[in-house]
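Labels below follow one simple rule: chain letters A, B, ... track the order of the sequence lines, proteins then strands, and each chain is numbered from 1.
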Amino acid sequence: MYNYPDSKGHFGPYGGIYMAETLMPAVEELRRQYEHFRGDPEFKSEFEYELKHYVGRPSPIYHAKRLSEHFGGAQIYLKREDLNHTGAHKINNAIGQALLAKRMGKKRVIAETGAGMHGVATATVAARFGMECVVYMGAEDVQRQAPNVFRMKLLGATVIPVESGSRTLKDACNEAIRDWVTNVETTFYIFGTAAGPHPYPMMVRDFQCVIGNEARVQMPELIGRQPDVVLACVGGGSNAIGMFHPYIDVPNVKLIGVEAGGHGIESGSHAAPLTGNAKVGVLHGNKVYLMQDENGQIIETHSISAGLDYPGVGPEHCLLKDIHRAEYVAINDDEAIAAFDALCRYEGIIPALESSHALAHAMKIAPTMGKDKVLLVNLSGRGDKDMNTVAKIKGITL
Amino acid sequence: MSRIQAAFEKLKVQQRKALIPFVTAGDPNPQVTVPLMHGLVEAGADVIELGVPFSDPMADGPTIQRASERALKHNVSLRDVLGMVAEFRKQNATTPVVLMGYGNPIEAMGWETFAKRCAEVGVDGVLTVDFPPEESHEAFAHLEAHGLDPIFLLAPTTSDERIAEVAKLARGYVYYVSLKGVTGAGHLDLGAIAEKLPHLRKYISLPIGVGFGIRDAQTALAVARLCDGVVVGSRIVQEVENSNEQDVVANVGKLVKELRVAIDQA
């Protein structure tokens with residue numbers, strides 16, 4: 001029986017609470033409060049109300065028929081998280097944590113963001129619940145995701161560009177943690193992915209499990225059975241764990257997490273700690289597979305998609321890899337772009353570059369499978385935010 | 001008796017407070033560090049906290065982040081830092097050296113190898129900022145096996161339960177972080193420290209050092225009156241940053257001497 005994490009937040013050898021003493025009481029308080037409210041029917045019904053009436057859930061599952069026909073193999077179905085309010089799965093978690101923050105009496109929320117989707121989701125819920133909001137974003141990402149920066153500002157958030165280190169998601173995390181240390185009494189840290197110190201990996205997973213729970217009901221309604229393969233992209237891994245977790249105990253459903261292969265695993269310029277066999281290490285409060293040099297310094301990662309450009313991965317994915325319940329593969333930048341183009345042209349859906357990685361792997365394996373096989377891809381977000389990046393790759397100035 | 005224990009016992013007899021400066025190893029370059037450590041001792045340091053550079057120093061403010069970045073430009077590794085301590089020990093057999101940093105470089109080396117190497121080169125204590133007691137049991141068993149002192153942080157937010165837990169595991173001294181926030185931030189609240197220290201003493205029999213936010217001789221003296229040792233980090237690292245490379249040892253020495261004179265009035 002799969003039952004993780006343990007009471008100390010360990011997923012087998014992974015996870016845990018690796019934080020400076022200053023934050024330990026805050027993390028402990030968060031764990032206590034979450035343990036209390038996760039079983040509270042009133043909390044649950046408020047969360048469900050918000051998901052239905054504010055986010056627009058359930059998100060549909062769509063049979064991408066033309067795309068499937070084009071590849072001539074397995075049928076590709078899309079879980080349309082891109083249709084959520086704010087355009088990605090991130091809002092599911094942001095709502096959940098904001099409801100918790102409200103109950104804990106916190107008036108200020110902070111967040112880190114890579115592609116900007118979690119930042120937008122946090123700014124959105126902060127506006128919705130009347131909280132002050134500060135979002136930390138790597139200076140590099142502020143440039144490549146300019147439309148999302150503007151969205152956050154419109155929603156009343158303060159966006160702070162982070163100039164240290166590689167100026168991407170990991171550095172935004174560092175800076176958000178520094179803020180939290182300093183303002184721990186007034187501030188709730190709305191962490192965006194299923195990683196970090198316990199209880200975040202569990203809590204973010206729980207909030208995101210709405211994705212997989214819906215899919216488990218929707219697939220039998222659509223095709224009379226569960227899919228053969230479920231695919232999702234993995235940066236920190238929140239959309240993937242939300243999709244995978246409800247399927248862990250469902251037999252004969254293969255789970256595939258798709259990491260960012262960047263310029264290729266062999267090039268070293270990627271963001272795929274699981275596929276690239278990174279060593280296990282400690283960063284941002286948890287023990288996970290972590291891209292680092294031989295001296296334990298975190299190395300700069302590369303991905304075309306800012307949301308996957310992170311050297312670590314959530315602890316539950318590390319465990320699922322080790323116990324072979326999920327398989328992890330990598331998709332390179334150019335393959336992701338090809339999948340992005342294909343979905344635009346064949347289905348009239350512009351996917352996020354992050355989700356395009358999962359889609360690309362589906363397109364790779366679909367032709368090798370029979371037409372009666374079914375692939376379910378978590379389309380975690382929409383691609384509006386990626387216009388600048390894609391235009392630049394195609395040599396177009398907007 | 002460990003070097004740290006011996007140093008504090010000697011200070012107790014002399015009725016003096018410990019001065020514990022922090023520098024980042026390899027900042028601004030690897031050649032400066034050993035002479036700088038000797039300079040710190042000459043200027044009156046009782047214990048040296050030697051920072052191991054890390055790419056993602058989450059608990060540090062901009063000053064110490066930049067020190068890490070300068071050291072990492074020279075690829076200063078944990079192995080190099082251990083080499084620096086070995087070099088320092090050739091001329092100094094008594095001043096305790098505490099390595100301070102984040103867990104991942106140690107994880108990469110392996111705790112067993114790390115502890116063995118520390119003992120060989122003459123490291124006395126290890127402070128791993130992001131390894132709280134909950135995650136430290138296995139790692140710190142290796143330190144203990146090699147006679148190294150695990151140094152722990154306590155914060156204004158630390159609960160009594162956690163203070164008691166740290167009291168059980170800690171050796172050498174306990175480092176009380178005097179303010180909420182990262183290193184080098186804000187101003188400390190002397191009143192709050194004065195209130196907190198007697199409370200900590202109910203649990204902790206080891207000497208208590210206080211750090212974070214000590215930026216001048218006057219504050220150092222005021223803090224020294226309340227505890228057993230004064231830790232000064234960002235202010236010293238700032239002096240390293242603002243000095244020409246050839247003046248680092250002299251300038252930092254001058255600053256540390258001022259701090260020494262001040263806290264000896266305590």
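Heavy atoms of other residues, nucleotides or ligands lying less than 6.0 angstrom from CD of B:E112 number 12 at most. Within 6.0 Å of the CD atom in B:E195, the count of heavy atoms belonging to other residues, nucleotides or ligands does not exceed 12. Heavy-atom contacts from other residues, nucleotides or ligands closer than 6.0 Å to NZ of A:K279 number more than 12. Within a 6.0 Å sphere centred on CD of B:E241, other residues, nucleotides and ligands contribute more than 12 heavy atoms. Atom CZ of B:R201 has more than 12 heavy atoms from other residues, nucleotides or ligands within 6.0 Å.
In terms of heavy-atom pairs under 4.5 Å with chain A, the best-connected choice from B:N75, B:V177, B:L72 is B:L72. The choice from B:T157, B:L154, B:L153 that makes the most heavy-atom pairs within less than 4.5 Å of chain A is B:T157. The candidate with the highest count of non-hydrogen atom pairs below 4.5 Å against chain B, out of A:K170, A:K8, A:E175, is A:K170.
For the pair B:K196 and B:Y176, the cation does not sit on the ring face, since its NZ or CZ is not both under 6.0 Å from the ring centre and inside 45° of the axis.
A:S267 places a side-chain N or O within 3.5 Å of a backbone atom of A:S269 that can act as its donor or acceptor partner. Although no hydrogens or angles enter the test, the distance criterion places no donor-acceptor pair under 3.5 Å between the side chain of B:T24 and the main chain of B:P53. In this structure a side-chain-to-backbone donor-acceptor pair under 3.5 Å is missing from A:R167 to A:D141.
None of B:F140, B:Y203, B:Y173 except one satisfies the ring-ring contact (aromatic ring centres under 6.0 Å, His included) rule with B:F152; the exception is B:F140. Under the side chain to side chain contact (heavy atoms under 4.5 Å, CB included) rule, A:E35 has a single partner from A:R31, A:R32, A:Q33, which is A:R31.
Checked for salt-bridge contact, B:E134 and B:R162 meet the test: a charged N lies under 4.0 Å from a carboxylate O. Look at B:E69 and B:K73 and you find no salt bridge, because none of the NZ, NE, NH1 or NH2 atoms lies under 4.0 Å from a carboxylate O.
With a 4.5 angstrom heavy-atom cutoff, A:D171 touches chain B only via side-chain atoms. Using a 4.5 Å cut-off between heavy atoms, B:R66 does not touch chain A at all. At a 4.5 Å heavy-atom cutoff, A:I299 makes no contact with chain B through either its backbone or its side chain. Only the side chain of A:H10 comes within contact range of chain B, with heavy atoms under 4.5 Å apart. Interface remark: B:D80 contributes no atoms to any contact with chain A (heavy atom separation under 4.5 Å). With a 4.5 Å cut-off on non-hydrogen atoms, B:P57 touches chain A through its backbone and its side chain both.
Counted by atom type alone, A:S166 and A:T168 present one or more donor-acceptor pairs between their side chains at under 3.5 Å. In the model, A:H284 has a side-chain atom that pairs as donor or acceptor with a side-chain atom of A:N174 under 3.5 Å. With no hydrogens or angles considered, a side-chain donor-acceptor pair links A:Q97 and A:N93 at under 3.5 Å. Of the N and O atoms on the side chains of A:N286 and A:Y200, not one donor lies less than 3.5 Å from an acceptor on the other residue.
Using a 4.5 Å cut-off between non-hydrogen atoms, the part of residues 11-25 of chain A that approaches chain B consists of A:G16, A:I17, A:Y18, A:M19, A:A20, A:E21, A:T22, A:M24, A:P25. For residues 101-110 of chain B, the interface with chain A (any heavy-atom pair closer than 4.5 Å) comprises B:N104, B:P105, B:E107, B:A108, sorted by residue number. Applying a 4.5 Å heavy-atom cutoff, the residues of residues 182-192 of chain A that approach chain B are A:T182, A:V184, A:E185. The stretch residues 291-298 of chain A places A:Q292, A:E294, A:N295, A:G296, A:Q297, A:I298 near chain B, each with some heavy atom under 4.5 Å from a heavy atom of that chain.
The closest side-chain heavy-atom distance from B:F88 to B:I48 is below 4.5 Å.
Between atom OG of residue B:S68 and atom CG of residue B:D56 there is a gap of 9.5 Å, rounded to the nearest 0.5 Å. Atom-to-atom distance recorded for B:L82:CG and B:L99:CG is 6.0 Å, nearest 0.5 angstrom. B:I193 CD1 to B:L226 CG: the interatomic distance, rounded to the nearest 0.5 Å, is 6.5 Å.
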